[in-house]
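Working notes for the structure below.
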There are 2 protein chains.
Amino acid sequence: MNLSTPLTRPSLHEELVTRLRQAIVEGALEPDAKVPERELCENLGVSRTPLREALKVLANEGLVVLQSNRGARISKVTMEELEDAFPVIAVLEGLAGELACASATDKEISHIVARHHDMFRYYEAGDRSAYFQANRDIHAALMAAARNPVLAQHYAMLSSRVERARLLANVSDSRWAEAVEEHREIVKAVEARDGPRLSALLRAHLNNKLAALKKALT
Amino acid sequence: MNLSTPLTRPSLHEELVTRLRQAIVEGALEPDAKVPERELCENLGVSRTPLREALKVLANEGLVVLQSNRGARISKVTMEELEDAFPVIAVLEGLAGELACASATDKEISHIVARHHDMFRYYEAGDRSAYFQANRDIHAALMAAARNPVLAQHYAMLSSRVERARLLANVSDSRWAEAVEEHREIVKAVEARDGPRLSALLRAHLNNKLAALKKALT
DNA sequence: TCTTTTCATTTTGTATTCATAATTCAAGAT
DNA sequence: ATCTTGAATTATGAATACAAAATGAAAAGA
């Protein structure tokens, strides 16, 4: 049992940030909807103070828009935002790939590889939701292996803003096949610990993802 | 005159975020110091509520650390943080360079070039503070020319975390000379609108800056 | 009928209050 | 003397209160 870490109860506003962020990303709080302050307070059993603190934080992250004297709205997912965010995510993932090749443990590498094989099986089985889960795991594992908390923080922020687009547009089967092919190259680069190549592949992968989203959303 | 944007008085917490961030970056609020909540409230003439909202936002940005039931402290500038942040800033500036080459107006390009010439003059004159100001302007102008608000937002956040290091370590004259040389190459790439080259130069410039900081801080 | 105006209601931003946890400091124990 | 102990004080987190602004609905005017 760990007796060295000073035990610290998370404050209400922190929990609220986490839960609201999740609700927004999952679409439980819909884009452009007004944030029902009173209702949330009642449901969550907290007063307005910590809830409003959480909203300020989420506004700073771009998930919520504050309108003076008119409360908060869930921010919309616009094409412009996606077009701005994806290139940034791309270079961050690219960097993560480089760093991961340099600092990942062998165990981490083999975990990423294993998750890839899972993912390929889900693709064969046509199980989209398991595929997406595996895909998220892979990107998260890569990010963790990069050993750079600052990078991870900004990546997480951007991901949360962009994740919601998945709810708006189902990618085509042909794009799915393409993405899988790209991942076959990616996993090869991971196994070879080829940082520059992995970086380039990830950047290209993200840019293709954006192009596919664009097509699906117009 | 702009008549489309609905005029909106900034809320107290927003103003506080701005002012506190500035105070932290400029060193008026020193790293590791406790945030004097009561004192700030009195000086700024606001109640605790908006101040605490601002602190939550700054904590989310990493400029402040919240300790449960023990208030807030200004976060320390650690070598680990700089080592994590600089590579991220480097890829963001690299991306900004690429994008700027593609989307900057001729006027923006010539402004960046002009500011470079100013900066070189300040270097000749040995005027460090004017040099730094011009340097900041150049990076800001480049970022603006990239036309990507998401990129700009994350760049600003990271810059604020890292700016403070400048107060801790004066770079050597030899590094200054080096940096100027690097900028001579950078401005050439800007004039030529050579995106890939500018991107590579900026990334290298940032990595060298980190190395210089490392040396100066040990 | 369709606007415009008025006024009650609700919502919002900020201030204030309150309960609890941390800190301080003096008194007693070692 | 130094180290504990515990009550008094202060600071903090969260709830509540309050004033100002926005919203909505009914009444007055076109």
Side-chain angles (χ1 to χ4, degrees), chain A residues 2-24 29-76, chain B residues 3-21 23-24 29-76:
Chain A
N2 182 355
L3 294 176
S4 62
T5 316
L7 58 81
T8 166
R9 229 182 324 272
S11 62
L12 283 185
H13 98 271
E14 277 181 90
E15 300 226 52
L16 288 173
V17 167
T18 306
R19 291 190 51 176
L20 292 177
R21 183 163 34 216
Q22 197 181 345
I24 293 170
L29 292 171
E30 283 184 27
D32 207 34
K34 270 198 54 175
V35 176
E37 200 176 281
R38 201 174 43 79
E39 190 185 319
L40 282 173
C41 286
E42 285 172 14
N43 292 343
L44 298 168
V46 297
S47 77
R48 287 175 62 215
T49 306
L51 178 66
R52 304 186 94 255
E53 288 169 349
L55 289 176
K56 304 292 184 273
V57 171
L58 293 171
N60 194 234
E61 290 186 11
L63 291 176
V64 151
V65 178
L66 302 178
Q67 303 161 296
S68 50
N69 290 317
R70 280 193 279 176
R73 306 187 89 84
I74 308 300
S75 68
K76 287 189 252 193
Chain B
L3 295 175
S4 62
T5 315
L7 58 81
T8 167
R9 231 180 325 273
S11 61
L12 284 184
H13 100 270
E14 276 180 272
E15 299 226 53
L16 289 171
V17 167
T18 306
R19 292 188 54 174
L20 291 177
R21 183 164 33 215
I24 294 170
L29 291 172
E30 282 183 29
D32 208 32
K34 268 198 57 174
V35 175
E37 203 176 279
R38 202 173 43 78
E39 189 185 319
L40 282 174
C41 286
E42 284 171 13
N43 291 344
L44 298 167
V46 298
S47 77
R48 288 174 62 216
T49 306
L51 177 66
R52 303 183 96 253
E53 288 170 348
L55 289 175
K56 305 291 184 272
V57 171
L58 293 171
N60 194 236
E61 289 185 11
L63 290 177
V64 150
V65 178
L66 302 177
Q67 302 163 297
S68 49
N69 291 317
R70 281 194 278 175
R73 305 188 90 85
I74 308 300
S75 68
K76 288 189 253 194

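This structure is a prediction, so every number in the text was calculated from the model and none was measured.
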*Look at the side-chain N and O atoms of Lys34(B) and state whether any lies under 4.0 Å from the OP1 or OP2 oxygen of dT23(C).*
no

*For the pair made of CD in Glu42(B) and C1' in dT14(C), what is the distance, rounded to whole Å?*
17 Å

_Students often get this wrong, so: under 4.0 angstrom with heavy atoms, is Glu14(B) touching a base, only sugar-phosphate, or nothing?_
nothing

*With DNA chain D as reference, determine whether Asn69(A) or Val46(A) sits nearer its 5' end, using the nearest nucleotide of each.*
Val46(A)

*Measure the distance from CG on Leu51(B) to P on dA11(D) and round it to the nearest whole Å.*
14 Å

_Over all atoms of both residues, closest heavy-atom pair of Leu66(B) and Leu55(B)_ = CD2-O, 4.5 Å

*When all nucleic acid strands are considered with a 4.0 Å heavy-atom cut-off, which category describes Lys56(A): base, sugar-phosphate, or nothing?*
nothing

_Between C1' of dT12(C) and CD of Glu53(B), the distance in whole Å_ = 11 Å

*Is it the case that more than 12 heavy atoms not belonging to Glu30(A) sit under 6.0 Å from its CD atom?*
no

*Leu29(B) side, atom CG; Leu63(B) side, atom CG - distance, nearest 0.5 Å*: 10.5 Å

*Among dT12(C), dT17(C), dA15(D), which is the nearest nucleotide to the side chain of Leu12(A)?*
dA15(D)

*Could you tell me the separation between the CG atom of Leu66(B) and the P atom of dA22(C), rounded to a whole number of Å?*
15 Å

*Indicate whether OP1 or OP2 belonging to dT10(C) is found under 4.0 Å from a side-chain N or O atom of Arg38(A).*
no

*Describe the nucleic acid contact of Ser11(A) in one word from base, sugar-phosphate, nothing, applying a heavy-atom distance below 4.0 Å.*
sugar-phosphate

*Round to a whole Å and report the spacing from CZ of Arg73(B) to P of dT12(D).*
10 Å

*Measure the distance from CD on Glu37(A) to C1' on dT16(D) and round it to the nearest whole Å.*
14 Å

*Which atom of Val35(A) lies closest to which atom of Ile74(A), heavy atoms considered*: CG2-CD1, 3.7 Å

*Toward the 5' end of DNA chain C, by each residue's nearest nucleotide, Gly71(A) or Thr49(B)*: Gly71(A)

*Name the closest nucleotide to the Arg48(B) side chain, picking from dA15(C), dC18(D), dT12(D).*
dT12(D)

